[in-house]
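First the proteins, then the strands, lettered A, B, ... as listed; each starts at 1. Because only heavy atoms are used, hydrogens play no part in the values below, and waters and symmetry mates are left out as well, while side chains stay in.
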Protein chains: 2
Amino acid sequence: MLYNCPVETTLKMIGGKYKALILWHLIDSTLRFGELRKFIPQATPKMLTQQLRELEEDNLICRTVYPVVPPKVEYSLTELGMSIHPILSAMYGWGSDYLKNNGMEINCSMHLE
Amino acid sequence: MLYNCPVETTLKMIGGKYKALILWHLIDSTLRFGELRKFIPQATPKMLTQQLRELEEDNLICRTVYPVVPPKVEYSLTELGMSIHPILSAMYGWGSDYLKNNGMEINCSMHLE
DNA sequence: CAGTATCCCAAATGATACTG
DNA sequence: CAGTATCATTTGGGATACTG
């Protein structure tokens, strides 16, 4: 695959419908599939699975399966995934400012750090 | 519209197919429609127009029409558009590193600054 | 030059039901 | 619990031709 611009490379990896959101949620915690679903209820299981698989393929997240019943699967950031943090933070900061300046309430169940 | 997270707000505004690329090209120059087409040949006129209109609606770029024949239209960044620069730069940097570490050549007709 | 207008196709996403 | 499978639908996007 040939990219015109590195900006596009980055966008391809974190620009999926729920990818930035998933990464953001994983920044400070390892989460199970069901927990991610609760954080991102608008994503159907199919979509969530698909996005997670793509993130995993791109080596941004790590999927750990515990061989127990009932199944337990945990998702966490890889080192590469953690290296995205500054970008996500910058996006969070810019987005917050934008919403504030436009009198929109932020409805984010998320912790800044 | 209600956003779950400011990260999504930002992504909605710069995540369109050619948006980041358009913004990136406009960072250091005002460009005409035809010039943007040359820089982004993969975008059909329809798509380019659509993306430009959305960027304009979001107040990221400014469209200036000169009442001459033949028509002359120039696009430039607004202040808000310029404020995206750090994010784009961060994305450019991360993407470059990623491509380098994976032995991929960068084929970007673009100037870093 | 800077777009619009149409038509059409492919990909993305949603809804729902099911399973090891 | 953590997904898959299937079907239906919507959306995105390309090709092409046309215009003030």
**Item:** Trace of the side-chain contact (heavy atoms from CB on, under 4.5 Å) decision for B:Leu60 with B:Met13
**Value:** CA-CA 9 Å; B:Leu60 290 171; B:Met13 294 185 67; 4.0 Å; yes
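- With A:Ile61 as reference, A:Glu56 is the one residue of A:Arg53, A:Lys19, A:Glu56 to meet the side-chain contact (heavy atoms from CB on, under 4.5 Å) rule.
- At least one donor-acceptor pair under 3.5 Å links the side chain of A:Thr10 to the backbone N or O of B:Gly95.
- Two end axes, each from the C1' atoms of five base pairs, can be drawn for the helix from C:dC1-D:dG20 to C:dG20-D:dC1; they diverge by 60°, to 10 degrees.
- Partner of B:Tyr75 under the side-chain contact (heavy atoms from CB on, under 4.5 Å) criterion, out of B:Leu36, B:Leu31, B:Thr30: B:Leu36 alone.
- Between B:Ala90 and A:Ile87, the shortest heavy-atom distance links the atoms O-CD1, 3.7 Å.
- As judged by a 4.0 angstrom heavy-atom cut-off over every strand, A:Tyr75 is placed among residues touching the sugar-phosphate backbone only.
- On the nucleic acid side, DNA chain C has its first and last nucleotide under 4.0 Å of a heavy atom of chain A at C:dT13 to C:dG20, going 5' to 3'.
- Between the B:Glu35 side chain and the B:Arg32 main chain, a donor and an acceptor come within less than 3.5 Å of each other.
- Across all strands shown, B:Arg37 has no heavy atoms under 4.0 Å from either base or sugar-phosphate atoms.
- The main-chain N or O of B:Cys62 is never found under 3.5 Å from a side-chain atom of B:Thr78 such that the two would form a donor-acceptor pair.
- Judged purely by atom type and a 3.5 angstrom limit, B:Glu74 has no side-chain atom pairing as donor or acceptor with the backbone of B:Thr64.
- Minimum interatomic distance between A:Pro45 and A:Phe33 (heavy atoms only, all atoms of both residues): O-CZ, 4.0 Å.
- Checked by atom type, the side-chain pair A:His85/A:Ser89 shows a donor-acceptor distance below 3.5 Å.
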Please list, for nucleotides 10-14 of chain D, all pairs of protein and nucleotide N/O atoms separated by less than 3.5 Å.
{"residue": "D:dG14", "atom": "OP1", "partner": "B:Lys17", "partner atom": "NZ", "Å": "3.1"}
{"residue": "D:dG14", "atom": "OP1", "partner": "B:Tyr18", "partner atom": "OH", "Å": "3.4"}
{"residue": "D:dG14", "atom": "N7", "partner": "B:Lys46", "partner atom": "NZ", "Å": "3.4"}
{"residue": "D:dG14", "atom": "O6", "partner": "B:Lys46", "partner atom": "NZ", "Å": "2.1"}

